[in-house]
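Right, one structure below, let's go through it.
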Amino acid sequence: MSTTPVMLPSPSGLLARLGGALVVAVVILLLFVMPAEYQIDPTGFGKLTGLTKMSQTVTAPPAAAPTPVMNTTAAHTYTVPFRTDEIAIPLGKDGELEYKVHMQPGGTLIYSWKCAEPLYIDFHGESDKDPGNATSYTVTQEAKEGNGSLIAPFAGIHGWFFQNQTDHVTVIHLKMSGFYELIPK
Amino acid sequence: MRYARLIFIALLCLAAPLLAHNVAARDAAFLKQNQGTQIFPFLYLGAKHMVTGYDHLLFLFGVIFFLYRLKDVAIYVTCFAVGHSVTLLSGVLTGVHVNPFLVDALIGLSVVYKAFDNLDGFRSLFGFQPNTKLMVLGFGLVHGFGLATKLQDLHLSTKGLVGNLVSFNVGVELGQLIALSIILLAMTWWRGTSDFVKHAVAANVVVMMLGFLLIGYQLTGYYTGRTA
């Protein structure tokens, strides 16, 4: 560093700058970063400025405009009866698989699945208009069962990416009911 | 003119956080649905990760801040590249999983370290100078663990993993070269002005501050267990 013509600060000046940098960092962290990124708002500044709203989880786009047969948001009606399916999905060791069904926007699906081994799951959908671009609804690092529902935010295929986290061959038992179509495989 | 330069630098600083640092969601979805060796996609992802990775870039910026000769730049950047390649490759292949928040906090510490070292802080406050090349190599190891956790979060298929991993690593180095060329261009231009001598200390203090901010950001995530 001796080749530089830059005047480096004295030890006391350096300490002051070190302290100053730390203080500024903490202030920015408390005022901006924590509210915006984690919804932690120790000063109230985040609420005042709307920063805390930024980190509310954006999992899926809000359910798109319902199809014409649906008039209210609480009660949904459909022109066809619901269907029910039970499916066994085998998974090899370290195996992974996508299981998806096709749904119209506003279509409802309720499901339960179980597996003897822990799985990594990404529940997601792909719009018919933009196949290949997945919208993730929930990601679970490790689970042996899952229960839930989905109101399809768009017309497209919706379902799960399952990945076996173990060296054992296993089977996923999936039960679904709702308004959807199976995709022929 | 002088203000134009400062504004340019400020804009660069502002732009960085706007770029998503994790492998973007769309890319992640692609990776999940594609199995087997995918050389170019992974090459691209590695490069993109580096070019948009403000923590890696801040550290690089600190490393080359006072390096005037291209030979020195090459030596230090090689130290950094060797360090992060070792942990990226071995981390993913052995499946060693380090907490991403803690790794990223350590990467923040590396930024603080380098800025502090640029200000000659070790000699000035503690009376000794750690070997700068070794330190860059050591922090390179930390940055590599950071890269490894980003890849591991994608739960890559074991099929074609080695090929994909090597592609990603090569991509990281390419991205680093691209980023480095831009930083070096800007630095050379800045050094040619009288501004540089006046603002060199302040610039390192700002980098140090950003390093502290990165540490705080990541530790908050670690303690709250929330993903940012």
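Every chain is numbered from 1, with letters handed out A, B, ... down the list of sequences. Every heavy atom of this structure was used, including side-chain atoms; hydrogens, water molecules and symmetry mates were not.
- The heavy-atom pair separating Y217(B) from Y38(A) by the smallest distance is O-OH, 2.7 Å.
- Scanning all heavy atoms of the two residues, the minimum distance from L213(B) to L29(A) falls at CD1-N, 3.6 Å.
- Near-neighbour residues of residues 15-27 of chain A relative to chain B, defined by a heavy atom under 4.5 Å from a heavy atom of that chain, comprise L15(A), R17(A), L18(A), A21(A), L22(A), V24(A), A25(A).
- Counting non-hydrogen atoms of other residues, nucleotides and ligands closer than 6.0 Å to CZ of F40(B) gives a total of 12 or fewer.
- Other residues, nucleotides and ligands contribute more than 12 heavy atoms inside 6.0 Å of the CG atom of L134(B).
- Atom-to-atom distance recorded for K198(B):NZ and M7(A):CE is 15.0 Å, nearest 0.5 angstrom.
- One finds the CG atom of L14(A) at 6.5 Å from the CE atom of M208(B) (value rounded to the nearest 0.5 Å).
- Annotation: maximal heavy-atom pairing with chain A below 4.5 Å, among V112(B), V207(B), L125(B), occurs at L125(B).
- With contacts defined as side-chain heavy-atom distances shorter than 4.5 Å, the pair L8(A)/S124(B) does not qualify.
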